[in-house]
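Before any comments, here is the structure.
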Amino acid sequence: MTLAFDVPVTTSFGTLSEEPTPLSVQTAQYRSLIDDGAVVVDLRSAQARHADGALLGAIALDLDDALTLLTPGAPGALRSASYEARWLLITEDGYDAEQLAWHLQARGVRGARFLVGGHRALRAAGITGAVDAAAHHLFS
C-alpha cells in the first residue's frame, strides 16, 4: 500500500494569524524546491545510499544525530544550521524524516520539510542521480 497526500501536510507553529507552515513535499515538487535553494539532507544509512544510490551533493547525516546537527545553537550544530535554513529531509520511506521535520519546526526551523514517500518515491518516479552542490540542480 502506498501512502500519498494530495495536499501538503501542515503544522501550526506560530501565531493564529500566520499561515501554517508546510511540513511535507511531494515528489513532483522536488526539483523546483532544490532550484529555489532548499538543501537536501539524505538521512538514509550508508548501506542504503550504497545499495540504492547516493544523492550526490546532498548533506548525508546519520538520522540519530540529525536533530542536534540541524538545530541552530545546539552544541555541535552545523554552521549552516539556522532558523532560516530550508532543509529537505529524505529517509528511505519518509516516516523518520516526517518526525525530524516536525521536531525542527517545533524548534523554530520553519523551512524544514520532508519528502513524502522518501527515497522510494524518488526511485518510483524515476528521479535518480545527484544534487549539484554548487547550483543544487538534480540530474537524472
Side-chain angles (χ1 to χ4, degrees):
M1 178 165 96
T2 302
L3 178 63
F5 300 101
D6 293 332
V7 296
V9 176
T10 59
T11 187
S12 57
F13 298 110
T15 66
L16 293 177
S17 63
E18 293 178 14
E19 285 293 316
T21 303
L23 190 61
S24 65
V25 170
Q26 299 295 321
T27 306
Q29 299 170 284
Y30 182 70
R31 290 182 182 183
S32 65
L33 287 169
I34 292 169
D35 288 344
D36 288 341
V39 176
V40 176
V41 181
D42 190 344
L43 299 163
R44 296 174 299 139
S45 68
Q47 194 172 28
R49 288 192 300 273
H50 179 73
D52 295 322
L55 295 170
L56 301 175
I59 298 173
L61 298 178
D62 182 70
L63 182 62
D64 293 335
D65 300 326
L67 183 59
T68 298
L69 292 171
L70 299 176
T71 299
L78 298 175
R79 270 190 227 158
S80 56
S82 72
Y83 293 106
E84 295 77 32
R86 296 178 58 212
W87 305 121
L88 179 50
L89 308 170
I90 300 177
T91 54
E92 183 60 31
D93 59 12
Y95 292 110
D96 289 328
E98 178 181 6
Q99 292 295 317
L100 179 59
W102 188 90
H103 284 284
L104 285 167
Q105 284 196 12
R107 293 177 180 205
V109 184
R110 294 177 54 97
R113 297 170 82 179
F114 76 97
L115 183 72
V116 174
H119 195 260
R120 287 181 191 158
L122 288 178
R123 288 192 313 268
I127 302 173
T128 59
V131 177
D132 182 337
H136 290 105
H137 289 290
L138 178 79
F139 300 98
S140 58

Problem - Distance-minimising heavy-atom pair for Ala77 and Ala81 - result: CB-CB, 4.2 Å
Problem - Partner set under side chain to side chain contact (heavy atoms under 4.5 Å, CB included) for Thr68, not counting sequence neighbours - result: Ala74
Problem - Any side-chain heavy-atom pair of Phe114 and Thr91 under 4.5 Å - result: no
Exercise for the section: Please name the residue in the list Leu43, Val25, Val40 that meets the side chain to side chain contact (heavy atoms under 4.5 Å, CB included) test with Ile90. Expected result: Val40
Practice task
Measure the OG-CH2 distance between Ser82 and Trp87 for me, rounded to the nearest 0.5 Å.
Solution key: 7.0 Å
Handout entry: salt bridge (charged side-chain N to carboxylate O under 4.0 Å, His left out) partners of residues 36-47, not counting sequence neighbours, each pair once
Key = Asp42-Arg44
Problem - salt bridge (charged side-chain N to carboxylate O under 4.0 Å, His left out): pairs with one or both residues in residues 58-71, sequence neighbours excluded - result: none
Completion exercise
Nearest heavy-atom approach of Pro22 to Arg113 is CB-NH2, 3.4 Å
Exercise for the section: Could you pull out the closest heavy-atom pair between Ser80 and Ala85, with the gap in Å? Expected result: O-CB, 4.1 Å
Exercise for the section: Identify, with sequence neighbours excluded, every residue that meets side chain to side chain donor-acceptor pair (under 3.5 Å) alongside Asp96. Expected result: none
Problem - Min side-chain heavy-atom separation Leu70-Leu89 under 4.5 Å - result: yes
Handout entry: Donor-acceptor contact below 3.5 Å, side chain Gln105 vs main chain Ala112
Key = yes
Problem - Partner residues of Leu67 under the side chain to side chain contact (heavy atoms under 4.5 Å, CB included) criterion, sequence neighbours left out - result: Thr71, Leu100, His103, Leu104, Arg107
Exercise for the section: Might you work through the side chain to side chain contact (heavy atoms under 4.5 Å, CB included) test for Thr27 and Val116, ending with a clear yes or no? Expected result: CA-CA 7 Å; Thr27 306; Val116 174; over 6 Å; no
Exercise for the section: Using the test side chain to side chain contact (heavy atoms under 4.5 Å, CB included), find all partners of Arg123 that sit at least two apart in sequence or belong to another chain. Expected result: Asp52, Glu92, His119, Arg120
